[in-house]
Every structure is written in C-alpha cells, then in structure tokens.
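One structure below.
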2 protein chains.
Amino acid sequence: MRRDELLDAAEALLQDQGAQALTLAAVAERAGVSKGGLLYHFASKEALVKGMIERLIADFDALIEAQGESTYTRSYLAATFEAVETGRLRRWAVVTGAAGDPALLAPLREAMARWMRQGLDDEPDPPASQIVRLACEGVWEVATHCAAIIDFAAVRARLLALL
Amino acid sequence: MRRDELLDAAEALLQDQGAQALTLAAVAERAGVSKGGLLYHFASKEALVKGMIERLIADFDALIEAQGESTYTRSYLAATFEAVETGRLRRWAVVTGAAGDPALLAPLREAMARWMRQGLDDEPDPPASQIVRLACEGVWEVATHCAAIIDFAAVRARLLALL
DNA sequence: GCGAGTTAACCGTCCAGACGGTACAGTAGG
DNA sequence: CCTACTGTACCGTCTGGACGGTTAACTCGC
C-alpha cells in the first residue's frame, strides 16, 4: 500500500535529519510523490504524524503477540530485542516527530501504560517483571542513541535470568 | 542569573506545549523579557537549545556526584530517582526540543555513553549494574510519559537489591 | 464492445502566515 | 561610560494547506 511507503519515508527522514526536516515537501520528495499526492493520503501534517504513531503501536503490539512466549514479559523482552536489533520500528524517530504537539503522544502514553502493566500480576514475580520491562525501555532508549554501548546478548541473558 | 531563567522558561514551554511552541517570541514572553533581550543572551535559537542540553547534562552529572554513594551505579540510581520524583531536570522536554537537529544531541549521546559505562568494570557485578542503569533509563522514560504507572519506592528497593 | 460516467490516485502552483533573525534607537542602573 | 536590557519595525524564507487540474482504471447501461 502506498500509504505505508509514505509513512516509511517520513520515518526515514526523521531518523537521519531530525524533526525540522519533516516537512510535507520533503516527505513527498523522499517517497517519490508530489506534495499533492501526499496530502491525498494524509489530509494534514498532523494526520501524517498520527499515522506514524498508530502504526508504531500496532506493529509493536503485533511483534509482541508474534513471540508466543509463556508470559507477556518474556514476549515483551523478545519483541524489544528483535525491534532494536533489526532496526525496524524506529520509535525514537517517530516519537520525536510527534513531540511537536504533546496531544499526539496520547496514544503512545496509553500504549506505554499497557506495555508496563499488562499481565503483570499474573506472573511469578511481578516486581522482577517490572524491572525487566523497565530495562527493556532503557535498552530501546540507549540503543537508538548509541547502539555500540550495549552487548545485546549479554543483557538479554541477564534479563531472562531475572525472570 | 538571567540566563538560567531563560532556560527555565524554554524548558517549561517545551514541557507543556511541545516543541513547536518553542519559538523565540514565546520563550521571551514566558520569561518576561523582550525578544531582543532573549537574543542578547542567546545569539540564536540553536544556541538556546544547545544551552538547555548542556545545562541538563551538567546538572545531572552534579546530581550524581552529590549522592556520594559507594559505587557509580548506586549514585546514578539515587540521582535518577531524585530527578524524576522531584520533577526537576525535565529531560524529556529538553531532548525533544533539541531533536529538531540531530547534531545538537551529540553531547547527550556522549553523556549517555558515560552514564552507561563509567566505573562499570570496577563494580562487584558489572552485568547487574548495567541492568540497573538501563532500568533507570526506563524509569525516567516511563515516568515522564505517565508517572502514575510506577511505584517508585518498590522499584527502587528492588533495583538496590540487584546490586 | 463501446462510450459515458465515476472514482481513486495523484500533480503542480499559489498564497497567507509564521518564524528566525536583524537593525536600531532608547534607557535605567551602577 | 558600560552593561543589560526594552520596543518596534522590518525582511526573507519556509511551510502548511488549499485548489484546480489530470490520468488511468473500472463500472454500467445499451
């Protein structure tokens, strides 16, 4: 679908040129589309950013689901490392793009609340699970800024040991 | 110093209205200063944002130093919770403000590398320390988006237990 | 099977407004 | 006289968005 290519272009642009490079003209050019064509799919810049956020959340939820681990925390852990190591799901880019208007981040706040709480009380050691999930957030955060710092395999093994 | 008040105003503006509200005119008005007055201290918007980043890093480094715990990780942990719980050091706001131009985030990347690595190998259990530091990042990240999710005291106790 | 009508997908141009930044004259305090 | 501003006027650029085409595929009556 063409819509997804436009979102890809916007993400890529954010990733390597930052938020102020995210203009309708630049996104259109990067996607090989005219500005009018872009506006056909997304009626406004706000709609474009909203689309990025929604896709990010949906994709990550799907990635968690696809892991099929025994607990939500284990799936969340696996999904985080897959997302970070493959470089798909450029959360940092998407989020900074949306940070211009805090209201656009509301869905992400909601999703984050879910990611931190879902199934937590049904797990063997809830506090440990919470620590692991928080560390996953940290991994994502640190990895997007300077990936070289972390030894993914080691951290992952240690986090699994905590559960 | 008036310079700090201008940085405060810029931070506050970012915090509750987002990055696109960070205009020279708006910062000046919030600080009770004319636009000319703002430009007297910061020759350009870029200089303003750079100032915010540098102050954030310096303040957090000072906060870590001030904890005087037995290891860097312990101090880092204590500093993180102090920063998050008191609401001082609005990192999220500062960072999103700077995310317009990725180059401005370079000092932060550098600082983050330091925060994740410094003294790590001298500590009793380096992998555990790394997990704790990553979880601190997660706490900061999650807390700034939706503080209600986390029971700070419980998480903190558990992280200390890991060390 | 063909012309007419419809719709989806897109193009290229234009414009009003916002924003960063400049210039400059003035001024209150020390 | 200097520092630290204030206030106003202004400029050039960029940007979001509106708008009026255009093309191509598809549908449907006849």
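Residue numbers begin at 1 in each chain, while the letters A, B, ... track the order of the sequences.
In this entry the distance linking CD of Q20(B) with P of dC19(C) reads 9 Å, nearest Å. The CD-C1' distance, from E29(A) to dC11(C), rounds to 15 Å in whole Å. Protein atom CZ of F42(A) is 16 Å distant from nucleotide atom P of dA18(D), rounded to whole Å.
Within the nucleic acid shown, L48(A) has no heavy atom closer than 4.0 Å to any nucleic acid atom. Base contact: S34(B) has a heavy atom under 4.0 Å from a base atom.
In this structure, R3(B) does not reach the dA4(D) phosphate: none of its side-chain N or O atoms is under 4.0 Å from OP1 or OP2. OP1 or OP2 of dA8(C) has not a single side-chain nitrogen or oxygen of H41(A) nearer than 4.0 Å. Side-chain N/O atoms of R2(A) include none lying less than 4.0 angstrom from OP1 or OP2 on dA9(C).
The residue among G32(A) and Y40(A) whose nearest nucleotide of DNA chain C lies closer to the 5′ end is Y40(A).
Atoms OG1 and CD, from T144(B) and Q15(B) in turn, are 8.5 Å apart once rounded to the nearest 0.5 Å. Taking CG of L108(A) as the start and NE2 of H145(B) as the end, the distance is 6.0 Å to the nearest 0.5 Å. Between the SG atom in C136(B) and the CD1 atom in I131(B) there is a gap of 11.5 Å [rounded to 0.5 Å].
Applying the ring pair (Phe, Tyr, Trp, His ring centres under 6.0 Å) test to F60(B) and every residue at least two apart in sequence or in another chain returns Y76(B), W115(B), W140(B).
Residues D59(A) and R88(A) are not paired through a salt bridge, judged by the lack of any N-O separation under 4.0 Å between the basic side chain and the carboxylate. Taking 4.0 Å as the cut-off between side-chain N and carboxylate O, R158(B) and D151(B) do not count as a salt-bridged pair.
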**Study point:** Letter per nucleotide, 5' to 3', of nucleotides 21-30 of chain C [B base touched, S only sugar-phosphate touched, - untouched; heavy atoms, 4.0 Å]
**Key:** BB--------
